[in-house]
Amino acid sequence: MKILFVVTGGIAEYKVVEAVRFQVKAGNQVKVVMTQMAKQFVTPLTFATLTNDIVYDSFEASTENPVAHIALADWADQIVIAPATANFIGKMANGIADDFASTVVIASTAKKRVLPAMNVNMWNNPAVQRNIEQLKQDGVAILEPAVGALAEGYSGKGRFPDAEIVNAFISEPVEKTATTFSGKKIVVTAGGTREAIDPVRYIGNESSGKMGFALAQKAEQLGAQVILITGPTNLTLAEDSSIQRVNIKSVADLQVALERAVQDADILIMAAAVSDYRVAQVADHKMKKDDFNGELEIKLVENPDILANLKRPASLKYVVGFAAETNDLITNAERKIQKKKLNMIVANDVSNHQIGFESNQNAVTILRPNHANVELPQNDKTVIAEQILKLIDQEIN
Ligand code: C5P
C-alpha cells in the first residue's frame with residue numbers, strides 16, 4: 001500500500017510521527033507532504049528520516065519531477081490528512097488548492113482519510129461541522145477526534161485519538177470501508193431486562209440501550225446483516241433500516257431470542273444489561289399494599305448466565321461481552337473474560353455519570369486475551385461503536 005501523509009500545522013503532529021513510523025514498519029511505502037505551517041511544529045527531517053525520502057512541501061521540491069503534485073497524487077493509494085486543521089478541512093470541503101499540499105489532495109482520486117485535531121471550540125464551530133459533513137458526503141473517511149484534555153489547557157472534543165485507533169483507521173483496506181462485514185451476520189443485544197414482580201411492576205436497571213443500538217447501526221453501515229435483541233427502550237431504528245429488531249423483556253425472553261438468533265451468526269455482541277436475579281414467584285394479580293403488614297419481602301432466584309452458558313454454533317467465531325462496573329474495573333473484567341470465554345470484553349465505569357448508561361457518550365477499556373488493553377477515551381457512543389467494530393474486524397477478517 002502506498003500511503004501519502006499530508007501533515008498540516010497542529011500540535012498533534014508529534015503523534016503523526018508515530019503513525020508514519022507504524023505504517024513504514026508495517027511494510028507500506030510512505031511519503032510525506034507538509035504544509036508551511038506544519039514545519040513550524042515538527043521538522044521535515046524527522047519525517048524524511050522515517051520515510052527515507054524527501055519531504056514534499058513545495059512545487060519546486062523535486063527537480064527530477066517537475067510536476068510533483070500530480071506525480072504524488074497519482075502515486076498514492078490513499079492520502080491521510082493528519083492532523084487536519086480546521087483551515088485544511090475547509091479548503092478540502094470547498095475545493096480550494098492554494099498551496100502544494102491542498103493541490104496534491106485535490107489532484108488525487110485516491111481514497112482520502114481525514115484525522116481532525118483542534119481546539120474544542122474550533123471543532124464545534126458550525127462552519128467546521130458543515131465542512132466535515134461535506135467531506136463525508138464526498139466519500140472522505142473521517143476519524144472523529146477524541147474527547148479529553150487538549151494541549152492548550154482546554155478539555156473537550158478535539159484530541160488526536162490514541163495510536164491504536166489511528167493505526168486501525170489508516171490500516172483499513174481501502175476497498176473495504178463500506179463492506180467490512182458484508183456477508184457476516186452479527187447479533188447485538190441491547191438495553192436492560194425487566195423481571196416482573198406482578199403484572200405491572202418489575203425489577204429493572206438503568207441501561208438505556210444506546211450503546212447496543214449504536215453498535216447495531218454501525219455494523220449495518222459496515223455491511224453486516226444485523227439482529228438486534230433489545231430490552232424495553234424508546235430508541236427507534238430508521239424506517240429503511242435492514243436491522244431485524246427483536247423486543248424482549250425478561251432474561252428468559254432474552255435467552256430464547258438469543259438462542260434462535262445466533263444460529264449461523266458470525267459475531268455476538270452482548271451489550272445488554274442482564275438481570276442477575278428474577279422474582280421466584282411472580283404474582284398473577286397486582287399486589288395490594290394492604291396484603292402486607294408494612295413489610296414486603298420478595299424472594300429472588302438467580303438467573304442463568306446467558307453468555308457463559310450459550311451453546312455456540314460452529315459459525316460463531318467472535319463473542320464480545322460488556323462489563324459495567326463501579327469498582328475494580330479491570331480486575332473484574334479480566335475475571336469475566338475468562339469465566340464467560342470471550343474474545344473481547346468492553347469494560348466501562350458506570351460510577352461516572354458523564355458516561356455510560358443514560359449518556360450519549362461512553363469511555364471504555366477493551367480487553368482481549370493475548371492483547372494489550374486498549375483505552376477508548378470519552379466519545380459519542382457511535383464513535384466508540386465504530387472503534388469496537390474496527391478492532392473486531394482486525395481480528396476476524
Ligand atoms: O457478570 P456480568 O453481569 O457483569 O457480565 C456482563 C456480561 O455478561 C454482559 O455482556 C451481559 O450481557 C452478560 N450477562 C449474561 N447473563 C447474565 C448476566 C450477564 O449474558 N445473567
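Read the numbers this way: they start at 1 and go in the same order the structure lists the ligands and their atoms.
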Using a 4.0 Å cut-off on heavy atoms, what residues surround ligand 1? Order them by chain and number. Met270, Ala272, Val274, Asp276, Pro304, Asp305, Ile306, Leu307, Gly321, Phe322, Lys336, Lys340
Answer whether the closest heavy-atom distance between the side chains of Val279 and Ile203 falls below 4.5 Å. yes
Which donor-acceptor pairs under 3.5 Å do side chains of residues 161-169 form with protein atoms, sequence neighbours excluded?
unit_1	atom_1	unit_2	atom_2	d
Glu164	OE2	Arg368	NH2	3.3
Asn167	ND2	Ala163	O	3.2

Can you list everything that forms a side-chain contact (heavy atoms from CB on, under 4.5 Å) with Lys157? Sequence neighbours excluded, please. Trp123, Glu144, Pro145, Val147, Asn379, Asp380
Quick one: pull up CD1 in Ile345 and CD in Gln338 and give me the separation to the nearest 0.5 Å. 11.0 Å
Should Ile269 and Leu222 be regarded as members of a common hydrophobic cluster, given that ILVMFWY residues are connected when their side-chain heavy atoms come within less than 4.5 Å of each other, either directly or indirectly?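 Ile269 and Leu222: one cluster.
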Who passes salt bridge (Lys or Arg N to Asp or Glu O under 4.0 Å) against Glu13, sequence neighbours left out?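 Result, salt bridge (Lys or Arg N to Asp or Glu O under 4.0 Å) vs Glu13: none returned.
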